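See below for the structure under consideration.
Numbers restart at 1 for each chain; the letters A, B, ... are given by sequence-line order, proteins then strands. These numbers come from a predicted model, not from an experiment.
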Amino acid sequence: MAQAESNYYIPHGSYWPITGSIAVCSLMVGFSNVLNGDTWGKYLMFFGAIVLLVMLFGWFGAVIKESETGAYNDQVDTSFRWGMFWFIFSEVMFFAAFFGALFYTRVYSLPWLGGEGTGATTNSYLWPGFEAIWPLTANGPGEIGGEFTPMPAWGLPAINTALLLTSGVTLTWAHHALKANHRGQLIIGLFLTVLLGAIFMVLQGVEYYEAYQHLGLTLGSGVYGSTFFMLTGFHGMHVTIGAIILFVILIRCIRGHFKPEHHFGFEAAAWYWHFVDVVWLGLFIFVYWV
Amino acid sequence: MAHVALADKGQDLAHPKTWIGAYVWSQDHKVIGIQYIIVATAVGLVALALSAMMRLQLGFPGIFDLIQPNEYYSAVTMHGMIMVVFMLTAFFLGGFGNLLIPLMCGARDMAFPYMNMLSFWVYLASVLVLCSSFFVPGGATGAGWTLYPPQAITEGSAGSGMGIILMLVSLALFIVAFTMGGLNYVTTAFQARTRGMTLMRMPLSVWGIIMATILGLLAFPALLVAAIMMLLDATLGTSFFMPAISDLGEVSSTSGGTPILFQHLFWFFGHPEVYIVALPMFGIASDLISTHARKNIFGYRMMVWALIAIGGLSFIVWAHHMYVSGMNPYFGFFFATTTLIIAVPTAIKVYNWVLTLWHGNIHLNVPMLFAIGFIFTFIHGGITGLFLGNVAVDVPLSDTYFVIGHFHMVMGVSPFLIVFGGMYHWYPKFTGRMLNDTMGKIHFWVTFLGTYAIYLPMHYIGILGVPRRYFAYGTTLSFPDSVQVINASITIAALIVGTAQLLFIFNIIWSLFNGKKADSNPWRATTLEWQTPDTPPKHGNWGPELPVVYRWAYSYSVPGADEDFIPQNEVPSENSKHEVET
């Protein structure tokens, strides 16, 4: 069990939290406004995003400073581990809900609409001609969704899988190098990881471009397009965040931060990256492949 | 910026001089807790005002004409969502969680004070965004608090434009805020306890709050996902919750989705959400009852395991909210069974409260009145929950006032009674003054009796078949005209109970200046928050030395002891030689 110590340095007041709140509030109000089709929202969104970035710089800068001046003992280290563990658990539930939605659509709702089991009359009266197929191309009343070609698994997605898996290996290599105090290997391994993540993001962008320009696959392409872009999009967002985190860690490594026995900042980023990696495997199997 | 332990730097505490330094930039958990409580109370008053408008409409249709049908639906929706999420969840976890966890665990602050503060400010932003939706064109969303699509986003229904967008955005902000706060509560309770405070010595309040937080961390993502999907369905033409439907003769541009998916996602969050409110309520009720009955809580370990069991089971009962959605009967059978099983640990808790009272030295002061009142309302609400958990009983009763009566008893009134009990109990610790006793007793009796005047008739008219969410009933052959009389009487009772809450608010403000001065432990309680050197506790809570804990939180009426309580941090001696921990 963790034991608290008697002497503490307790952080004094900070003006960053209220700044962050104003930023997030502006960002989201602007976003709602944009979604509703008005014009002034994007300026508010832009303002919010800038302030949010400034806040994050201020916040993480202060944390890094506290860490580097040796303010953190083992108890704080364990606190960070608990916090990160529960955060990633929460993120797992986030993606579980997305996958749940995908499975529910494929396993239950499409067969129902297609008239399976007791749904025969529903199908013939409400959705005449609707056929339960996956990927769900134009079909049923009004030929909704339009013609599109589903994203093939063994093109870019397979390359992306290889990229992310390799990045997991290079990251582990970097971690071992950090523990063994080989700074050169650490920096090379981490640099490769960030590079592979960046290439992944570029390829994902190319894939989206292909989908919209040549395959006719868009957000509006029925439920296949919706789930496809939603799942890959949120994963891509997480890869972007993970890559930015790793990039910051890389810069910190170049500056000589972290010790072989004390480097939770690095480990937290690595946990996050591996989590994103595992989610991608699920995506590759269930969104692209089967 | 984490909670930093530094052996060689000694004490370095903040003593802000300015108002803005003390209340806006402060990262002190007590300030944050009080801020949460103030905002939650304010938004709760908004929801209370909405319910008064709804009741006036239902009780006296056509006489007051305060609201139009569309506004009525907005009021129903906002009342529900505010009370469940923005008031009760925020009050129990943000308010009591922040105030109590560090003090009861013997910590100087939360594990991540910066994130804690950010959590409050983002929560405030979410409340502001939510309230702004009253003022946009089309008004606030009127989809009912469950926000079921396609109605929520289909043109023509109340608030289907900007209203629903703001609601979903506000929920997303709330979830971000809750996640930041929740990581704190869990980490602090598991990680920053003082010496001797083992998990099985923690007061049940802390157990209840952290179990609820864990539920929240695992359940809120499902709501976030559902909100994101609905946001895109409403604005960018995706098909998650929309099959190919025709609306006013026009076929929508969506295909292959299903509204039932939203119901699953919503209730996968929604049912644990009931327990996110209920578990802190159980924990705080246990502490109030034990303290004011001067008796150890009966079956402490059983209470802890019951909390954990309820938390676990709450994830596999969600579809009992969806019996009428056309689900497979075997599926319904499964969820009815799990629903009945979850009643077992809940009943264990109720029996243990009653057994704690049995042969106790009961002090009927205001917090105790509220705690005992809570046992009554909770049993009544819980029993009707067993009715509704059974498919065959639920189907005819669903969407009637029986359901309204049930959930207002079990997760409307019951948590509020504990919120009030907790406020009367801990107010002296955080302000240094007692709340006025007479006003408190009036507040209790009006609220408690008024509750029955409001909700018992609702069960009755529900069985008569009066449907919920109706603006006015007019003349109908479906149920007798006397329903209108009952509705009028419910409205009068509701207005009286609503006024009593204003008395409570008045009491809080009045006692801040005129209340009787409280000493550091007015209830002579054992738990650590009453043993602080200062009242109210200063930044850092404990002065130079952290307390050391030698026993559990329930050493009341120990034979042979000088007093009828032994604080958790009293060094074991002759005084405590007969104490037993169970």
**Request:** Counting only heavy atoms closer than 4.5 Å, note whether B:Leu261 contacts chain A via side chain, backbone, both or neither.
**Result:** both
**Request:** Work out which heavy atom in A:Pro17 is nearest to a heavy atom in B:Tyr114; give both atom names and the distance.
**Result:** CD-CE1, 3.5 Å
**Request:** Answer yes or no: is there a side-chain heavy-atom contact under 4.5 Å between A:Leu35 and B:Leu231?
**Result:** yes
**Asked** To the nearest 0.5 Å, what is the distance between CG (A:Leu219) and CG (B:Leu232)?
**Response** 6.5 Å
**Fill in**
All heavy atoms of B:Leu183 vs all of A:Gly83, minimum pair found to be CD2-O, 3.5 Å
**Asked** Among B:Val122, B:Leu173, B:Val129, which residue forms the greatest number of heavy-atom pairs with chain A at distances under 4.5 Å?
**Response** B:Leu173
**Message:** With a 4.5 angstrom heavy-atom cut-off, is it the side chain or the backbone of B:Phe268 that approaches chain A, or both, or neither?
**Reply:** side chain
**Asked** More than 12 non-hydrogen atoms from neighbouring residues, nucleotides or ligands closer than 6.0 Å to OH on A:Tyr212, yes or no?
**Response** yes
**Asked** With a 4.5 angstrom heavy-atom cut-off, which part of B:Leu128 approaches chain A: side chain, backbone, both or neither?
**Response** neither
**Contacting moiety of A:Thr227, where chain B heavy atoms sit under 4.5 Å** = both
**Prompt:** Between B:Gln191 and A:Trp82, is there a donor-acceptor pair closer than 3.5 Å when you use the side chain of the first and the backbone of the second?
**Reply:** no
**Item:** Stepwise side-chain contact (heavy atoms from CB on, under 4.5 Å) test for A:Met93 and B:Phe220
**Value:** CA-CA 9 Å; A:Met93 294 303 284; B:Phe220 269 113; over 6 Å; no
**Message:** Atom CZ of residue position A:Phe57 - does it have more than 12 heavy atoms of other residues, nucleotides or ligands inside 6.0 Å?
**Reply:** no
**Message:** Taking atom OH as the centre, does A:Tyr208 end up with more than 12 heavy-atom neighbours from other residues, nucleotides or ligands that are less than 6.0 angstrom away?
**Reply:** yes
**Asked** Taking the side chain as C-beta and beyond, is there a heavy-atom pair between A:Ser14 and B:Met117 under 4.5 Å?
**Response** no
**Message:** Could you tell me if the side chain of A:Tyr104 sits less than 4.5 Å from the side chain of B:Ile260, heavy atoms only?
**Reply:** yes
**Heavy-atom pairs under 4.5 Å with chain A, option from B:Thr258, B:Ile228, B:Leu218, B:Leu217 with the top count** = B:Leu218
**Complete:** Pair count under 4.5 Å, heavy atoms only, with chain A: among B:Leu124, B:Ile214, B:Val31, highest is B:Ile214
**Request:** Answer with side chain, backbone, both or neither: which region of A:Phe229 has an atom nearer than 4.5 Å to a non-hydrogen atom of chain B?
**Result:** neither
**Per-residue contact mode, A:Tyr108 against chain B (heavy atom under 4.5 angstrom)** = neither
**Asked** How about B:Met229 and A:Phe98: do any of their side-chain heavy atoms sit closer than 4.5 Å?
**Response** yes
**Prompt:** With a 4.5 angstrom heavy-atom cut-off, which part of A:Leu113 approaches chain B: side chain, backbone, both or neither?
**Reply:** side chain
**Asked** Distance-only, no hydrogens or angles: does the A:Ser226 side chain make a donor-acceptor pair with backbone N or O of B:Thr238 under 3.5 Å?
**Response** no
**Item:** A:Phe60 atom CZ, over 12 foreign heavy atoms within 6.0 Å
**Value:** yes
**Prompt:** Are side-chain heavy atoms of A:Trp59 and B:Leu118 found at a separation under 4.5 Å?
**Reply:** yes
**Prompt:** Which heavy-atom pair separates B:Ala222 from A:Ala97 by the least distance, and what is that distance?
**Reply:** CA-CB, 4.0 Å
**Prompt:** Does the side chain of B:Thr187 reach to within under 4.5 Å of the side chain of A:Phe85, using non-hydrogen atoms?
**Reply:** no
**Prompt:** Roughly how far, to the nearest 0.5 Å, is the CZ atom of B:Phe190 from the OG1 atom of A:Thr78?
**Reply:** 14.0 Å
**Asked** Most heavy-atom pairs under 4.5 angstrom with chain B, which of A:Ser90, A:Ser79, A:Cys25?
**Response** A:Ser79
**Complete:** dist A:Ser109:OG -> B:His264:NE2 (nearest 0.5 Å) comes out at 10.0 Å
**Check: B:Trp25 and A:Trp16 side chains under 4.5 Å, non-hydrogen atoms** = no
**Message:** Out of A:Val24, A:Leu110, A:Ile18, return the one with the most heavy atom pairs under 4.5 angstrom to chain B.
**Reply:** A:Ile18
**Prompt:** When rounded to the nearest 0.5 angstrom, what distance separates OH in B:Tyr123 from OG in A:Ser21?
**Reply:** 12.5 Å
